[in-house]
Each structure stands twice: as structure tokens, then as C-alpha cells.
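Just so we're on the same page: letters track the sequence lines, and every chain starts at 1.
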Amino acid sequence: MPWRESKDLYLVLVSEIMLQQTRVETVIPYYRAFLARFPDAATLGNAPETDVLTAWAGLGYYSRARNLRLAAAQISARQPREYAEIRSLPGVGPYTAAALASISLNEPYAAVDGNVLRVVSRIANDPGEISSTAVKKRFDELAGQLLDPARPGDFNQAMMELGATICVPASPACGTCPVSEHCQARMAGTQRELPVKQGKPPARKLQQDLLFCEVDASIYLVRRSAAEKRMAGFWELPPRPVSTQDARESALPAATFTHQIVNDRFEVRVWTRYPRKRPAHLRDGAWIARHQLTGLPISTITKKALAILAAPETRVLSGRRTLSK
DNA sequence: AACACGGGGAT
DNA sequence: ATCCCAGTGTT
């Protein structure tokens, strides 16, 4: 892989940021083109943000690109000398900081990505649930104990490659694994069950019509009432209040609606009930949906809402969605 | 601790 | 068409 040809911090940084959530085969052509356009940290740090985003187009998660540009500006102003400085760069979390510090600065930090998490959970035959912070910390510590402090960069890359090629999720190739004799899961025969992941929520099915309507320049959601109810088929606001619990069980939009008739028009206010934490740009009175519950992708909703706002003469936009989960 | 971010690949 | 993937920032 092209990023293994150098230990230069900038070159490794670009590769590691691109590789976040993104497959190696996808990254390779972007990596080459990006470096041709931004060959060093100063060039990237001084480039206009839109140029960077254009070069990033197709990779997704664009905050990575924005943060990478800011990080490049920082390292070109001052070359990091240790883990803590790397970790403070925007877009560089615990995993990326450990990878960079070990590869570029030869510092003994274990880089624990999803691959390493899987390898470690199997070596220790640890049934801890992987998304819990306590378990994650335990796996971090174990990876740190296994780390070869003399060659931390090589060790980290070897662990990740082991997870990517041999200690794979579905059918690990224990027969060709170089460390199978140290693997507790292999001894117990549990390698296919590990790592333990959070259980999925109970299956839900819902079929209902959803409709976006504009009221006084705000976008709201109404739904077709269920077939078994009286007034079946009429459009209604989701009932209120809808607790998170109720919403989970009924697959209703988890929002609290209030409405009243004022001067022949109805006013609606919507308060989100789910998620418990709400992004700052979603304020009371704005229309909110959670795709985990409704099955509608947030991006789809956003595009629809924007389309309505851009065409104020459009009073109603309807669409039939079959929701399932 | 929960949520969003964005594509591509697998099913 | 839907599910799955698995680092970081934010709340």
C-alpha cells in the first residue's frame, strides 16, 4: 500500500484519515490524487477549503477533510514531537493518534481499530460487549500489553493486517494464523462468536403513509391513521405525548406535537423526544425525524424539506414509504 | 452513552 | 432495496 512507503507524519496522516471508515481499495486512488494535489502539509494547510472538499468528493464524511486541512496547517506550523500533540489535532482521535505516534514517532502506543479489537477479543476469549467503554478500555490495555515497544509501528500494522486477512469476522483462518497457539478463543472454539456486539433492537414492522406539510414556512410531518382505527385513512398528527418507550414499541415518530387552531389556521410545535440529545441546529418548532424510528434516512428527509422550502408554493409533499426494520 | 457523519460492498 | 461497516466530534 502506498502509505507504507514512508513514515513521514503528513503522508501517514493523510492515509489514516482517509482510511477511517473507508476501505483500502477505495482509498488508494484518492490517496494518490490527493497527494499529487497537496504534496505537503503546508500546501494543504494553505489551500482553500473548497479545493480540499473537491479533492475529497466521493470519500464521504467530509468533516474528515475539513479537519485534515486544519491539522495540516497545525503540523506545518509546528511539527508534533509526541503523542499528545498528535492527539490534539482536529479529526485525530485515540486510534489515529496511536497509529501516527507509533508509525512516525516510534512511540509505544497500541492502535486499536476494529480489526485489532476483534483480534484481541479472541486472543483473550473475552465476551465483553464491544461498544461498552469499560470493555473497550480493557481491550486497549491488553493491546498495550501485547505491543512490542521496540517496533510499535510494525506491531500495530501487523495486528491490523492480521485482523484484516486472517482473523476475519465470519470465518477466521485459524489454521494459518501465526498466533493461533496463543489464542484463548481458538482453544475454547469460540472464535466465531467474538467479538460480542450489542444486540439488535427487536424487529419492528410498520407500514404507514407519511406526509410532509408546510405550515407558515415550517415543515411538519403528518401520517395516515392506522387501518384498524376509526377514522382510518385520515391524515393526523402523531399523538402526543410520545415517550421514547412508546415510540420504540409502536414505531411512531418519537416527537411531541402540540397544535391548536388559531384564526382558521393550525399552529404546530414539535419537540423531539428522541434522541435524548439533540443537535444544536434542530430547535423546538422545527420538524424533526429520527430515521432509526421512522425508517426514513435523515438525508432523504433533509432533501425533501429543503425542496419544499425552496418552492414555497408547494404546500404539500406526499410519498408512500414502506417502513420495516 | 447515544447520535450523526457518507460512501461502497454484500446480501 | 436494505443492511453492514467501525473512528471522531458533539451533546
Q. Can you tell me how far P of dT8(C) sits from CZ of Arg69(A), to the nearest Å?
A. 21 Å
Q | Spacing of Arg64(A) atom CZ relative to dA6(C) atom P, expressed in whole Å | A | 14 Å
Q) Tyr30(A) has an atom OH; how far is it from atom C1' of dG6(B), in whole Å? A) 11 Å
Q) How would you list, by chain and number, every residue that makes a ring-ring contact (aromatic ring centres under 6.0 Å, His included) with Phe34(A), sequence neighbours excluded? A) Phe38(A), Trp56(A)
**Q.** Phosphate OP1/OP2 of dC5(C) contacted by Lys197(A) side-chain N/O (<4.0 Å)
**A.** yes
Q: For Tyr109(A), check ring-ring contact (aromatic ring centres under 6.0 Å, His included) against everything at least two apart and list the hits.
A: Tyr83(A)
Q. What residues in residues 90-109 of chain A put a non-hydrogen atom under 4.0 Å from any atom of DNA chain C?
A. Pro90(A), Gly91(A), Val92(A), Gly93(A), Pro94(A), Tyr95(A), Thr96(A)
Q) Which part of the nucleic acid, if any, lies within contact of Thr22(A), taking any heavy atom under 4.0 Å across all strands shown: a base, the sugar-phosphate backbone alone, or nothing? A) base
Q.
Among residues at least two apart in sequence or on other chains, which ones pass ring-ring contact (aromatic ring centres under 6.0 Å, His included) with Phe155(A)?
A. none
Q.
Taking dG6(B) as the reference, what is the distance to dT11(C) when you measure between their P atoms (whole Å, please)?
A. 16 Å
(Q) Within the 4.0 Å heavy-atom criterion, would you say Asp113(A) contacts the bases, only the backbone, or no part of the nucleic acid? (A) sugar-phosphate
(Q) Please pick, from dG9(C), dG6(B), dA1(B), the nucleotide with the shortest atom-to-atom distance to any side-chain atom of Gln21(A). (A) dG6(B)
**Q.** Span that lies between the P atom of dG8(B) and that of dT8(C), in whole angstrom
**A.** 22 Å
Q: Rounded off to whole Å, could you give me the CG-to-C1' distance for the Leu19(A) and dG7(C) pair?
A: 11 Å
For residues 157-165 of chain A, which side-chain donor-acceptor pairs fall under 3.5 Å, sequence neighbours excluded?
unit_1	atom_1	unit_2	atom_2	d
Gln157(A)	OE1	Arg4(A)	NE	2.7
Glu161(A)	OE1	Arg4(A)	NH1	3.0
Thr165(A)	OG1	Glu161(A)	O	2.7

(Q) From CD of Glu25(A) over to C1' of dA10(B), roughly how many Å is that when rounded to an integer? (A) 13 Å
(Q) Looking only at side-chain N and O atoms, does Asp51(A) offer a donor or acceptor that is under 3.5 Å from a partner on Thr54(A)? (A) no
Q. Given dG9(B), dA6(C), dG9(C), which nucleotide is nearest the side-chain atoms of Arg23(A)?
A. dG9(B)
Q) So, is Tyr62(A) near the phosphate of dG7(B), with a side-chain N or O under 4.0 Å from OP1 or OP2? A) yes
(Q) What is the separation between atom CD1 on Ile17(A) and atom P on dT8(C), rounded to the nearest whole Å? (A) 7 Å
Q) To the nearest angstrom, how far is Leu70(A) atom CG from dG9(C) atom C1'? A) 13 Å
Under 3.5 Å, side-chain donor or acceptor atoms of residues 94-104 of chain A against the rest of the protein: list the pairs with distances, not counting sequence neighbours.
unit_1	atom_1	unit_2	atom_2	d
Tyr95(A)	OH	Glu16(A)	OE1	2.9
Thr96(A)	OG1	Gln20(A)	NE2	2.9
Ser102(A)	OG	Ala98(A)	O	2.9
Ser102(A)	OG	Ala99(A)	O	3.0
Ser102(A)	OG	Asn156(A)	ND2	2.9
Ser104(A)	OG	Lys7(A)	O	2.7

Q.
By nearest atom, which of the nucleotides dG9(C), dG8(B), dG7(C) is closest to the Asn67(A) side chain?
A. dG9(C)
Q. Rounded to the nearest 0.5 Å, what separation is found between the CZ atom of Arg138(A) and the OG atom of Ser121(A)?
A. 10.5 Å
Q | Spacing of Glu16(A) atom CD relative to dG7(C) atom C1', expressed in whole Å | A | 11 Å
